*Asks:* 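My questions all concern the structure below.
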Amino acid sequence: AWLICLLVLIAVALSQYLLPLLSDSAIANRFDESGLETSRWQIMDFYFSHLLNYPFGGHNISAILHQEAHNLLFEGFDYYGIIFFVFMLILQVVMIYRLWLLHRIKNKTRIVFLLMAMMIAVYLQSWAEPVLAGYPQLAWSMFLFDGLIAAYLRDKENCNVVPNRANSIR
């Protein structure tokens, strides 16, 4: 019992010391009122409403807004235009399809759960951060995990664990 009391006291003391240090962090600022006023939804809405004004990209929308898109698709459209946007949209549909195939595997192993969790985390993060300008490693991680999933599915398909793609479409 005295050990639990000691641990609680240490936790309280550390929280009194650490909380003021963390209150000015970027993560804490996302949750205060001013951080929510310029939410990612408003940024995406602004980008969406201006996409057709600049179909060939050129970094024009972010120059108007003075803020990068917090979304891989919109950021790519802003930088590189509609051709990149269509390519990335198709690629993301294929990635989601592969995740769905991975989810359909019976008797999942730990590696399947790991691949699914990592891909979902990286995919969701690509919808919340400026990837191309601020965090390009995230895009490469997403491509890497998609490649690992594709290789895993191909291996399992050859072992008849995953239904053949032709059969899964019917």
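Excluded from the calculations below are hydrogen atoms, water molecules and symmetry mates; all remaining heavy atoms, backbone and side chain alike, are included. None of these values were measured; they are calculated from a predicted model.
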*Asks:* Checking Lys156 against Leu153 for the side-chain contact (heavy atoms from CB on, under 4.5 Å) test, could you report, in this order, the C-alpha distance in whole Å, the side-chain angles of both residues, the deciding distance, and whether it holds?
*Replies:* CA-CA 5 Å; Lys156 292 300 177 183; Leu153 288 171; 5.7 Å; no
*Asks:* Sort and list the pairs that fulfil side-chain hydrogen bond (donor to acceptor under 3.5 Å, both in side chains) and have at least one residue in residues 84-94, not counting sequence neighbours.
*Replies:* Gln92-Tyr123
*Asks:* Given the ring of Trp100, does Arg104 sit roughly above its face, with NZ or CZ under 6.0 Å from the centre of the six-membered ring and within 45° of the axis?
*Replies:* yes
*Asks:* Check side-chain contact (heavy atoms from CB on, under 4.5 Å) between His66 and all other residues, then give those that pass, not counting sequence neighbours.
*Replies:* none
*Asks:* Would you give the length of the straight line joining atom CZ of Arg98 to atom CG of Asp146, rounded to the nearest 0.5 angstrom?
*Replies:*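 With rounding to 0.5 Å, CZ (Arg98) is 4.5 Å from CG (Asp146).
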*Asks:* To the nearest 0.5 Å, what is the distance between CD (Gln67) and CD1 (Ile43)?
*Replies:*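 Separation between the atoms: 3.5 Å.
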*Asks:* Can you tell me how far apart CG (Leu102) and OH (Tyr152) are? Round to the nearest 0.5 Å.
*Replies:*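 If I round to the nearest 0.5 Å, the distance is 7.0 Å.
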*Asks:* Is there a path of hydrophobic side-chain contacts, each under 4.5 Å between heavy atoms of I, L, V, M, F, W or Y residues, that connects Leu115 with Phe113?
*Replies:*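 Different hydrophobic clusters.
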*Asks:* Output every pair passing side-chain hydrogen bond (donor to acceptor under 3.5 Å, both in side chains) with a member in residues 44-56, not counting sequence neighbours, ordered by first then second residue.
*Replies:* none
*Asks:* What about Leu124 and Phe74, same hydrophobic cluster or not, with Ile/Leu/Val/Met/Phe/Trp/Tyr joined at side-chain heavy-atom distances under 4.5 Å?
*Replies:*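 Yes, it is one cluster - the side chains of Leu124 and Phe74 are joined through contacts under 4.5 Å.
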*Asks:* Using distance only, find each side-chain donor-acceptor pair of residues 75-85 under 3.5 Å and give its atom names and separation, not counting sequence neighbours.
*Replies:*
from, atom 1, to, atom 2, distance (Å)
Glu75, OE1, Val131, N, 2.7
Glu75, OE1, Leu132, N, 2.8
Glu75, OE2, Leu132, N, 3.3
Glu75, OE2, Ala133, N, 2.7
Asp78, OD1, Asn60, N, 3.2
Asp78, OD1, Ile61, N, 3.0
Asp78, OD2, Ser62, N, 3.2
Asp78, OD2, Ser62, OG, 2.8
Tyr79, OH, His59, NE2, 3.1
Tyr79, OH, Glu68, OE1, 3.3
Tyr79, OH, Glu68, OE2, 3.4

*Asks:* Measuring from Met118:CE to Ser141:OG, what's the distance to the nearest 0.5 Å?
*Replies:*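 That separation rounds to 7.5 Å.
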*Asks:* How about CG on Leu52, more than 12 heavy atoms from neighbouring residues, nucleotides or ligands closer than 6.0 Å, or not?
*Replies:*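 No - once you tally the heavy atoms of other residues, nucleotides and ligands closer than 6.0 Å, there are 12 at most.
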*Asks:* Looking at NE2 of His70 and CH2 of Trp127, how far apart are the two atoms once the value is rounded to the nearest 0.5 Å?
*Replies:*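 So the gap between those two atoms works out to 14.0 Å.
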*Asks:* The criterion is ring pair (Phe, Tyr, Trp, His ring centres under 6.0 Å); which residues satisfy it with Phe143, sequence neighbours excluded?
*Replies:* Trp140
*Asks:* Measure the NZ-NE2 distance between Lys108 and His103 for me, rounded to the nearest 0.5 Å.
*Replies:* 5.5 Å
*Asks:* Between Ile90 and Leu73, is there a shared hydrophobic cluster once you connect ILVMFWY residues whose side-chain heavy atoms come closer than 4.5 Å?
*Replies:*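 Yes; Leu73 is reachable from Ile90 via cluster members.
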*Asks:* Look at the side-chain heavy atoms of Ile, Leu, Val, Met, Phe, Trp and Tyr, link any pair under 4.5 Å apart, and say whether Met119 and Ile111 land in one connected group.
*Replies:* yes
*Asks:* Please name all residues satisfying side chain to side chain donor-acceptor pair (under 3.5 Å) with Asn71, sequence neighbours left out, ordered by chain then number.
*Replies:*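 Per chain and number, Asn71 pairs via side chain to side chain donor-acceptor pair (under 3.5 Å) with no residue.
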